[in-house]
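See structure below.
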There are 2 protein chains.
Amino acid sequence: MVRLSKKVEYGLIAIRHIAAHPSDVVTAKEIADKYQIPYELLAKVLQRLSREGLITSQQGVRGGYSLTKNPNEITVSMIINAIEGNSLAIAQCMTEGPESCDVFNVCTIKSPLSKVQANIENAFDTMTLAQIV
Amino acid sequence: MVRLSKKVEYGLIAIRHIAAHPSDVVTAKEIADKYQIPYELLAKVLQRLSREGLITSQQGVRGGYSLTKNPNEITVSMIINAIEGNSLAIAQCMTEGPESCDVFNVCTIKSPLSKVQANIENAFDTMTLAQIV
DNA sequence: CCTAAATAGGACTTAACAAGTCGGAGTTCG
DNA sequence: CGAACTCCGACTTGTTAAGTCCTATTTAGG
């Protein structure tokens with residue numbers, strides 16, 4: 001199955017919401033309530049996005065989150081990477097590092113799949129937050 | 001993370017191997033040995049492909065698997081669907097049926113993601129076995 | 001300066017699903 | 001018949017995602 005994780009879904013929904021309210025500082029609770037997302041989990045996702053510099057957090061009573069860049073400077077790729085950490089790999093033989101493809105003495109499907117992967121990466125790369133809002 | 005399952009990986013490797021040996025009847029064991037795939041699991045995958053009509057199985061002593069169609073008539077999509085059963089859905093809100101998107105009162109990311117998904121589907125749809133062999 | 005409301009973040013538990021295993025039945029050929 | 005092979009469902013295991021819990025830390029406001 002090819003599917004984004006819940007965290008990424010939540011992250012996309014959340015950052016879109018933040019982008020849609022540029023003049024406000026939005027709290028995690030507000031987003032969790034509105035979209036029926038588990039608060040604790042959403043908070044973690046927002047912390048990730050904040051740590052990676054896609055959004056700014058402000059602690060304290062009137063705190064919350066807001067964007068650091070223009071929506072057209074934030075790509076879906078950046079959001080996915082911020083949340084997932086590791087890079088996208090459609091199949092095991094697409095990963096970098098030691099546990100890569102050497103398991104298969106002849107990994108016959110690597111080159112065709114890499115094209116599909118490039119395709120997907122490109123789609124996520126070129127899609128910005130501005131297009132989602 | 002966006003990744004194909006091991007079963008799909010194994011299925012692709014296997015059916016590619018079968019396609020690469022058009023005059024032979026290939027056994028599951030042969031494939032399992034060559035690509036270091038767990039035999040039982042591979043057998044299951046091949047059974048799926050056989051049930052879905054992509055390959056033919058022949059029981060008995062000189063049995064094994066062979067293609068039913070020309071390699072250019074078999075798309076990667078068909079292979080994935082045969083093995084996974086359920087259709088590709090990049091996010092929960094892309095699925096059909098009751099557990100779909102009504103969880104979110106406003107699923108704000110559905111329409112942008114559907115474009116990415118169409119993109120992926122198209123890539124898998126247009127790639128045939130003939131291109132992989 | 002105390003409190004309420006917010007983020008920060010590690011540790012943990014649970015749930016879901018993929019991966020892999022097992023046992024037995026059916027089929028074909030020599 | 002018996003060996004070699006496929007077929008298939010049920011089962012176990014392992015991994016990872018998803019979700020929870022608890023305790024800090026920050027900060028505005030009365």
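Letters A, B, ... mirror the listed sequences (proteins, then strands); counts begin at 1.
- The shortest distance between the side-chain N/O atoms of A/Y39 and the OP1/OP2 oxygens of D/dT20 is not below 4.0 Å.
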For a side-chain hydrogen bond (donor to acceptor under 3.5 Å, both in side chains) check, start with the C-alpha distance between B/T75 and B/D125, then their side-chain angles and the critical distance, and finish with the verdict. CA-CA 6 Å; B/T75 66; B/D125 252 21; 4.9 Å; no
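- Within 4.0 Å (heavy atoms only), A/A43 reaches no atom of the nucleic acid at all.
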Stepwise side-chain hydrogen bond (donor to acceptor under 3.5 Å, both in side chains) test for A/T128 and A/N72: CA-CA 5 Å; A/T128 71; A/N72 57 26; over 6 Å; no
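- Residues B/K7 and A/Q58 both approach DNA chain C. Their nearest nucleotides, taken by heavy-atom distance, put A/Q58 toward the 5′ side.
- Protein atom CD of B/E30 is 16 Å distant from nucleotide atom P of D/dA4, rounded to whole Å.
- The phosphate of C/dA4 (OP1 or OP2) has no side-chain N or O of A/R62 nearer than 4.0 angstrom.
- Of the residues near DNA chain D, A/K44 and A/V61, the one whose nearest nucleotide (by heavy atom distance) lies more toward the 5' end is A/K44.
- The CG-P distance, from A/L4 to D/dT16, rounds to 18 Å in whole Å.
- As rounded to whole Å, 12 Å separates atom P of D/dA17 from atom CZ of A/R48.
- By the rule that hydrophobic residues join a cluster once side-chain heavy atoms approach within less than 4.5 Å of another member, B/Y35 and B/L41 end up as members of one cluster.
- B/E9 has its CD atom 10 Å from the P atom of C/dG20, to the nearest Å.
- If you check D/dT6, C/dA6, D/dC8 against the side chain of B/A28, the one that comes closest is D/dT6.
- Side-chain N/O atoms of A/Q59 and base N/O atoms of D/dT26 include no donor-acceptor pair closer than 3.5 Å.
- Phosphate contact (OP1/OP2 of C/dA8, side-chain N/O of A/S57, threshold under 4.0 Å): present.
- With a 4.5 Å cut-off on side-chain heavy atoms, A/K7 and A/E84 do not count as touching.
- At C/dA6, none of the side-chain N or O atoms of A/Y65 fall inside 4.0 Å of OP1 or OP2 (strictly under the cut-off).
- Checking C/dG9, D/dC8, C/dA19 against the side-chain heavy atoms of B/R51 singles out D/dC8 as nearest.
- Taking atom CG of B/L46 as the reference point, atom P of D/dC5 lies 15 Å away to the nearest angstrom.
- Between the CZ atom of A/R3 and the P atom of D/dT16 there is a distance of 19 Å, given to the nearest Å.
- What separates CD1 of A/I37 from P of D/dG19 is a distance of 10 Å, to the nearest Å.
- In this structure, the side chains of A/Q58 and A/Y65 stay at 4.5 Å or more apart for every pair of heavy atoms.
- Taking atom CG on B/L41 and atom P on C/dC22, their separation rounds to 13 Å, with Å as the unit.
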